[in-house]
There are 2 protein chains.
Amino acid sequence: MVEAGQTRKRKRRTQSAPTVADVARLAGVSPMTVSRVINRETAVMDATRDKVREAIRALDYVPNSAARSLAGGRQSRIALLHSNPSASYLSEFLVGTLQEAGASDAQLVVEHCAAPESAEALAARLDAHRVDAVLLPPPLCDDPALLAVLQARGLPMVQIATGRAVDFAHAVTIDDERAAYAMTRHLIDRGHERIAFITGDTNQTVSSLRLEGYRRALREAGRALAPDLVVEGDFTYRSGLAAAETLLALALPPTAIFASNDDMAAAASAVAHRHGLDVPRQVTIVGYDDTPIATTVWPELTTIRQPIQDMARRGTQLLIAAIEAKRLGRAASVHHECLDFELVLRESDGDRPHD
Amino acid sequence: MVEAGQTRKRKRRTQSAPTVADVARLAGVSPMTVSRVINRETAVMDATRDKVREAIRALDYVPNSAARSLAGGRQSRIALLHSNPSASYLSEFLVGTLQEAGASDAQLVVEHCAAPESAEALAARLDAHRVDAVLLPPPLCDDPALLAVLQARGLPMVQIATGRAVDFAHAVTIDDERAAYAMTRHLIDRGHERIAFITGDTNQTVSSLRLEGYRRALREAGRALAPDLVVEGDFTYRSGLAAAETLLALALPPTAIFASNDDMAAAASAVAHRHGLDVPRQVTIVGYDDTPIATTVWPELTTIRQPIQDMARRGTQLLIAAIEAKRLGRAASVHHECLDFELVLRESDGDRPHD
DNA sequence: GTCCGTGTAGTTAGCGCTAACATTGCCGAC
DNA sequence: GTCGGCAATGTTAGCGCTAACTACACGGAC
């Protein structure tokens, strides 16, 4: 049997999706030009660029990301460190991060940080994974030991939703003080006189910002700050239960309760019902964060929505840019960004009841 | 000018992490042998393997995943399709999937399925992303149109926690009937006579399985099935509120309420409190799923834990295997696996109250 | 001994892309 | 003109790894 002559060996390449070479052939240019078009480089004539774009569309070409990161010498691995048990926060966060990471074909590694672990041990785990940068959602974003260790390793990092942005890390936040101010202002505008506040865990930096926003709104409205209307909570449902009991047992109970998160607001709502009070007809209850529990309980909670996905996306972008800058030896300038919150009006707030 | 001979050009390679070549040099073998050790191939002598392992450890070598998937011609992209608004489910799921995908350097794309979108439109989106296989958490895993379209495209897929596994898809489930049976059995063992059941959304396949488990337990215990003790819900908090009101308004109210998910159990708990009933002293309330709300509300709910992360991990494994099999032209056998659930005892269940 | 089979290793040639350099053509400056 | 400079494109050589082949040693069958 004689060989067919042609296809003597041609190794591998059985599957075949279109490659740059295919596109180049169809467009009548070199593969390099195709690459330039894909990477939006400038030195390509408009006519050429259009031809290539056309060919890409015709072949339904999608670049091979493995080849890109191999050839380009850039493959970034971003770690998402979390200790936060709030699953809803995490999933929003993950979705945002994955979108952005997918677009820049960066790899994401999710690492859970148990409390007792030393920051050094954690950093060692990151090294083992060859991590290039780190995403820090709350409350980890405020852990000084962790921040220090990461800084010492020269890893770019971004604090998400921190109340205390450090100067060596990127940060993407919302303005918690202003958000709490806006919510309190909203309650004032609905006619409420006695507005109570349930604080968050005093160890988290955002807690004091939220309290401060509440205070400023009252101050600016010329209201007295009744100390008995500010009760300490720690972000748990249970603490919300206790705080609401305290508030509703007052001789002159509040007509509105602003809880520093939705879990505590949900608890307050449960306590109000237990006291035979209708929400919002007899007492207004509002929360913060817009976690799933806000729409689970009835009545659904009026609350502050943080753009978690957007924050995650933006944080990831910053990290990818930082990795690139570092690779090029450029000094990375640190960005602190503040995104907009949203006041979400649902069913749990109403006008001040007529006495 | 004569060339210096040696370092004439040597392009690129500035960064340098250790490569197979470095390991090979140190171990005194060829790069191919190193590759064999990494990929656990058999044709390597133990002595050689140990040398290579030693060198890997010494250099702290980590294979370059981009190069691996490029050279190996295998790069899998797995889509996670979700319509489920339950963020907590999603985040557990994502963490499990990411772990497994990271280990096999598969890429994960998360696609949200809005309800009105046609299955075809969705499949087109998958094509655009060059997706190789699809993960289907509930309730999408039971969408016949979607399943059909994916099957037509020949995409491997896995139904997670479905109540109705189809024969052309992999499936990873828990035994909902048996779990509901176990929970009901537990309530019987605590002495309860009048055990109520709040059903889930009747459109989801798991709902009837859970009801069936409840029924079987009562039957086997020789109890009558009181029809007034089974109330329809639809998995929402609000439906749980209504169902619990109905149940507690009965002339002979139940001493235990088994809700088909935690949201409804939390609602039932709120209603019980509103009725001045202590949980669990006067009425026992148990849920299902072990979502975060189970540990948020007080008292914390006794519930059934599904191993969501494990299911996601296993499902991902099955898909990666299926993609590999397909690539090799082997017919993929379909796997249906059933993982263990766990009965999580917390604070919301107690013995039958003494009349 | 020759032969073949088998188990262990090494060689070669890409996977699909892009960095770095090379080339071409065109324009204005001298 | 011719030369430098620039802008648009092409060429070459890998990125780090592994598929597919080759090479060789050993060992038993004939």
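Just so it is clear, the structure is predicted and the values come from calculations on it, not from any experiment. Below, each value reflects all heavy atoms present in this structure, side chains not excepted, and no hydrogens, waters or symmetry copies. Protein chains get the first letters and strands the later ones, always in sequence-line order, with residue 1 at the start of each.
- Annotation: side chain of A/Leu80 is in contact with side chain of A/Phe93 (closest heavy-atom distance under 4.5 Å).
- A/Arg74 has no side-chain polar atom (N or O) that falls below the 4.0 Å cut-off from OP1 or OP2 of D/dC15.
- Checking B/Glu111, B/Gln107, B/Arg77 one by one against B/His129, the side-chain hydrogen bond (donor to acceptor under 3.5 Å, both in side chains) holds for a single residue, B/Glu111.
- Residue-level contact check: B/Val34 touches neither bases nor backbone, having no heavy atom under 4.0 Å from any strand.
- Protein atom CZ of A/Arg36 is 14 Å distant from nucleotide atom P of C/dC21, rounded to whole Å.
- Overall bending of the helix from C/dG1-D/dC30 to C/dC30-D/dG1, expressed as the angle between end axes built from five pairs apiece, is 60° (10° steps).
- The aromatic rings of A/His170 and A/His335 lie parallel to each other, their planes meeting at an angle below 30°, with 60° marking the opposite boundary.
- Contact annotation for A/Arg49: no contact, since no heavy-atom pair falls under 4.0 Å across all strands.
- D/dC17 atom C1' lies 17 Å from atom CZ of B/Arg40, rounded to whole Å.
- In terms of phosphate contacts, A/Arg68 brings no side-chain nitrogen or oxygen within less than 4.0 Å of OP1 or OP2 of D/dC15.
- In this structure, B/Leu70 places its CG atom 13 Å from P of D/dC15, rounding to the nearest Å.
- Rounding to whole angstrom units, CE of residue B/Met32 and C1' of D/dA19 are separated by 7 Å.
- Salt bridge B/Glu54/B/Lys51: absent, no basic N to carboxylate O contact under 4.0 Å.
- Dashed line: the shortest gap from a side-chain N or O of B/Asn64 to OP1 or OP2 of D/dC15 is not under 4.0 Å.
- The CG atom of B/Asp46 sits 12 Å away from the C1' atom of C/dT8 (whole-angstrom rounding).
- Under a 4.0 Å N-O distance rule, the pair A/Arg74/A/Asp105 does not qualify as a salt bridge.
- Residue-level contact check: B/Met45 touches the backbone only, with heavy atoms under 4.0 Å from sugar-phosphate atoms and none from bases.
- Of all nucleotides listed (C/dC17, C/dG10, D/dA8), C/dG10 comes nearest to the side chain of B/Val29.
- D/dT18 atom P lies 10 Å from atom CG of B/Asp105, rounded to whole Å.
- Between B/Glu120 and B/Val149, some side-chain heavy-atom pair lies under the 4.5 Å cut-off.
- The shortest side-chain heavy-atom distance between B/Leu140 and B/Gln159 does not fall under the 4.5 Å cut-off.
- A straight line from CG of A/Asp50 to P of D/dA8 spans 14 Å, rounded to a whole angstrom.
- Looking at heavy-atom distances under 4.0 Å, A/Ser30 makes contact with a base.
- Under 4.0 angstrom from either OP1 or OP2 of C/dG10 there lies at least one side-chain N or O belonging to B/Thr33.
- The side chain of A/Ala67 sits closest to C/dG16 out of C/dG16, D/dC17, D/dT9.
- If you take CZ of B/Arg25 and P of D/dC17, they are 12 Å apart, rounded to a whole angstrom.
- In this structure, B/Thr48 reaches the sugar-phosphate backbone alone: every heavy-atom distance under 4.0 Å involves primed, P, OP1 or OP2 atoms, never a base.
- Ion pairing between a basic and an acidic side chain is recognised when a charged N comes within 4.0 Å of a carboxylate O; B/Lys326 and B/Asp132 show no such pairing.
- Note on A/Ser35: a side-chain N or O is less than 4.0 Å away from OP1 or OP2 of C/dT18.
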